[in-house]
Amino acid sequence: MSKELEKQYNPKNVEDRIYKTWLDGKYFHAERDESKQTYTIVIPPPNITGQLHMGHALDNTLQDILIRFRRMQGFDTLWLPGTDHASIATEAKIVEAMKKEGLTKEDLGREKFLERAWDWKKQYGGRIVEQLKKLGSSCDWDRERFTLDEGCNKAVNEVFVRLYEKDLIYRGNRMVNWCPFCNTSISDAEVEYEEKDGNFWHLLYTVKETGEKLELATTRPETMLGDTAVAINAEDERYKHLHGCHVILPLLNKEIPIVCDEHADMTKGTGVVKITPAHDPNDFEVGQRNNLPIVRTFTYDGRLTGAEDKRIADELIASGRATENEPEVLDCGKYAGMTTKEARKAILADLEAGGYLKEVEPRKHEVGTCYRCHNTIEPMVSKQWFVRMVPLAKPAIEAVEKGETKFIPERFTKNYLNWMNGTRDWCISRQLWWGHRIPAWYCEECGKMTVSKTNVDTCPHCGSKNLNQDPDTLDTWFSSALWPFSTLGWPEETADLKHYYPTNTLVTGYDIIGFWVSRMIFSALEYTGQVPFDTVLIHGLVRDAQGRKMSKSLGNGIDPLEIIDQYGADALRFTLATGNSPGNDMRFSDEKVEASRNFANKLWNAARFVLMNLDENEPAPYVPENLAIEDKWILSQFNTLAKEVTASLDKFELGLAVQKLYDFIWDVLCDWYIELCKIRLNSEDAEKKATCKGVLVYVMSNTLKLLHPFMPFITEEIWQTLPHAGESIMISEWPKFTDELVFTDDETEMERIMTAIKAVRNRRAEMNVAPSKKAEVYVATSYKDTFEIGKEFFKRLASASDVQVADSFDIEGSVSIVTADATIYLPLAQLVDFEAEKKRLNKELAEAEKKLGFIENKLNNPGFLAKAPEAVIAQQKEDGAKLQEKIALLKSSIEKLG
RNA sequence: GGACGAUUAGCUCAGUUGGUAGAGCAUUCGCUUGACGUGCGAAGGGUCAGCGGUUCGAGUCCGUUAUCGUCCACCA
């Protein structure tokens, strides 16, 4: 025995050590090799605020499987890692930490705040990277990037300026989603709608000209101070007499017009809508169409505006520097300074007191909330930067329609196209400090704006030095959108960019197709003229055992690191890869990980068995001429496995690939081949022993290779102890299907023996015969040669004391077992109830005849014969013939019983 | 309101060119079998949600209904 393994696999003794050898060997590092085909994946950069969760574990397991597979296949592979600065999440964390010291952002100032943020990044930003390593991720860490590093920042500025110059980025007062809690605008994609209980408040506005009361409903009465019109539909017969009239806005006693607009739907409510252009997206549009003033009544921190707010706005307007759609601001008087919630209460009370509140109708409705803090979003007109989406979306839609980028599974294409087709201009400015600062400068002298890739200290319009850079930063997704090429050096024409771009596969969850995938695609097309990747592999969510989404608030998250600690990274990876089909959610449970751990242990012990049987100066490769039937059988099976696993991986069917490996290793290799090997290994025949060992080593080490992408640690550990050439399994050659290992006839013969053995075991178990009670076995068959070879197998695997093979036997009072190829007699007469035996055989006969009838029906069907493929017909004929043989044998057995 | 997904053994899920169904766990029976009890051998258990259609043949394709779920949508 040359080497010894422990009786149980202990991942803790293995994983960190192995990972270090991979790092030391530089196997993850991509060296550009022009002679090879490239395979590139860029990691979806995890947030630096993040801790590894199951979603990351799944996402990175899938990526690592693909990368390891292609690497072994000989591709020049690059898996490029990195992290995302996560502007809003990180900033919130830091603000929170400062709060404990009694500090605010403003106390510190921008520069000091950013210092803190970078310190925080240094301290915690690497945490998730270390956690990815625990999983076994084979990323090229030498190329690790950060969305806020110098290169990415350069790319961001380049893109911003180019888009600005093409008028695809603009600044203006538009309706945005404002989070008063995070104190920033967020994009449409970042709004989550939640159903909440609310009311329709039916209000009465008096018509100035006629004195009648006009009824209208609103879900947000607190916005009424900002109403600058009410709208009716021009076709609405009920209100035709009011065209051109006005209403008196309650509480303010302000006269506002009644306008006709398509937005007013005659079929809903009373057909009258109040219009608040500053605080409702629809109303903003109505205001635009009807030239209504925009009156802002909310501050950016979610309170009602007062005298000071009005003064600032008035000053701006007076200065002449206000831009298009600059809102006026109302001094809300007694309501000033109230939160919107307080204001709702106060305003409703006053409306009621004034007789303006007709009715309160309870109603559930969808309320927009901030994806981060889940507070209610206030729609607000605000001056922000936007990306003009329509011209950018068009090529991105076409590229996917043409199949330049494919989604797997295919159905997500529709999801993507819907998103792209419906998308509105993208609000990209954020009132945050942690992020890419907008490269625009405003001149205090002439008021003009300059957009530039580099710092501007002199105004190009007037020569003034009195310039201020825009204080806002860009949406985090703006930099992530450039990730596939900014990380490779773009806008420089770097060697990496030329070699590895466009990338191949993007692996991500369906939840960020809109946020991220779509933006990468249109960005890549715009700046690089190519799609960023050819395939998007979409996976689902990992849910808990009850099927609930894992979340912090529920506290039902399962920590992948704890699972790794308890069961090993391989078991975790195997669990995530197995039984999981693309795009579908999966449930995660300890039982599943246990099953994976058991599988690892099974493999480990199979390897132990092989090693126990090798001695110092072996291994010699097997000699093909000496191969036994079971050798040819396993080699042929392995050969098929290699073909199928490769095909499955090519098609991104990782779950199927892993299932095939599991079945092969457990059911074929361990349960049959290793058991059969014991016969020769325990014999004294040196040549047979050598052949057996040679085949064992061959099959074991090549199977390990196929399994390696899924379970990298254990396969490496075992492979290193087996005879091997090369430094590491992860850079060894991927097994290929080969004609030399096709042994169809031997497989067929082997199946005959196996079927018979299973039938004997089955009978013995039914009759409760202890395995220790050996019995003679008589095999009556026309395949005498085959069963002669199989004699020893029966002894080993079917508790046979001795085996006789002949054309037929005439044995009284024995159990008979019928397969398609043989009738087997067990002389266990004393255990047999012959009546029961007869019944059993008759039952079997009936089943066989039923099956045969079904097949014959098919074969007598002219339609089937004419249209079914030949292979299917041949198969049916063969099955039919087998059944006929079996039926004949059953009949004769029954006869013998009398 | 739209789109998509799920519905297969008690539970969790596979099933990819349409040929009457598989795994793991659970259950039952048996096993000190010299790799492994994180194991070995065996068994039971399914009109593949309902209905209709295409087809020689449908879990698989089409239509429809039901239940559950997800995403998207400006409905006062």
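Just so you know, these numbers come straight off a predicted model, no measurement behind them.
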* Asked: In whole Å, what is the span from the CZ atom of A:Arg796 to the P atom of B:U33?
  -> 11 Å
* Asked: Which is true for A:Gln8 with a 4.0 Å heavy-atom rule: it touches a base, it touches only sugar-phosphate, or it touches nothing?
  -> base
* To do: For B:G63, give its Watson-Crick or G-U wobble partner with both distances under 3.5 Å, or none.
  => B:C51
* Asked: Is the A:Phe407-A:Tyr416 ring centre distance short of 6.0 angstrom?
  -> yes
* Structure fact -> Taking a pair to mean Watson-Crick or G-U wobble geometry with both distances below 3.5 Å, B:C71 pairs with B:G2
* Asked: How long is the line joining CD1 of A:Ile714 and C1' of B:U38, in whole Å?
  -> 12 Å
* Asked: Which base sits across from B:U17 as a Watson-Crick or G-U pair, both distances under 3.5 Å?
  -> none
* Asked: Within the modelled atom types, does a donor on one side and an acceptor on the other bring the side chain of A:Lys602 and the base of B:C36 under 3.5 Å apart?
  -> yes
* **Between B:A9 and B:U60 - P atom distance, rounded Å** => 15 Å
* Asked: Name the one of A:Tyr567, A:Phe599, A:Trp604 that satisfies ring-ring contact (aromatic ring centres under 6.0 Å, His included) with A:Tyr9?
  -> A:Trp604
* Look at the aromatic rings of A:Phe200 and A:His202 and report parallel, tilted or perpendicular, splitting at 30° and 60°. => perpendicular
* Asked: So does A:Asn415 get a side-chain nitrogen or oxygen closer than 4.0 Å to the phosphate oxygens (OP1/OP2) of B:A3?
  -> no
* To do: Can you tell me, in whole Å, how much space there is between the C1' of B:U12 and that of B:G50?
  => 24 Å
* Side-chain donor/acceptor of A:Lys758 to base of B:A42, under 3.5 Å -> no
* To do: Both distances under 3.5 Å, Watson-Crick or G-U wobble: report the partner of B:A42, or none.
  => B:U28
* To do: Take atom P in B:A66 and the same atom in B:G10, then report the distance between them in whole Å.
  => 26 Å
* Could you state the CG-P distance from A:Leu603 to B:U38, rounded to the nearest angstrom? -> 17 Å
* Please state whether the base of B:U12 and the side chain of A:Arg587 form at least one donor-acceptor pair under 3.5 Å? => no
* Distance between the P atoms of B:A49 and B:U7, in whole angstroms? -> 7 Å
* Find the distance A:Asn584:CG to B:U8:C1' and express it as a whole number of Å. => 14 Å
* Spell out yes or no: do the side chain of A:Glu653 and the base of B:U16 have one donor N/O and one acceptor N/O closer than 3.5 Å? => yes
* Structure fact -> Rounded to the nearest 0.5 Å, the CG atom of A:Leu707 sits from the CD1 atom of A:Ile718 at a distance of 8.5 Å
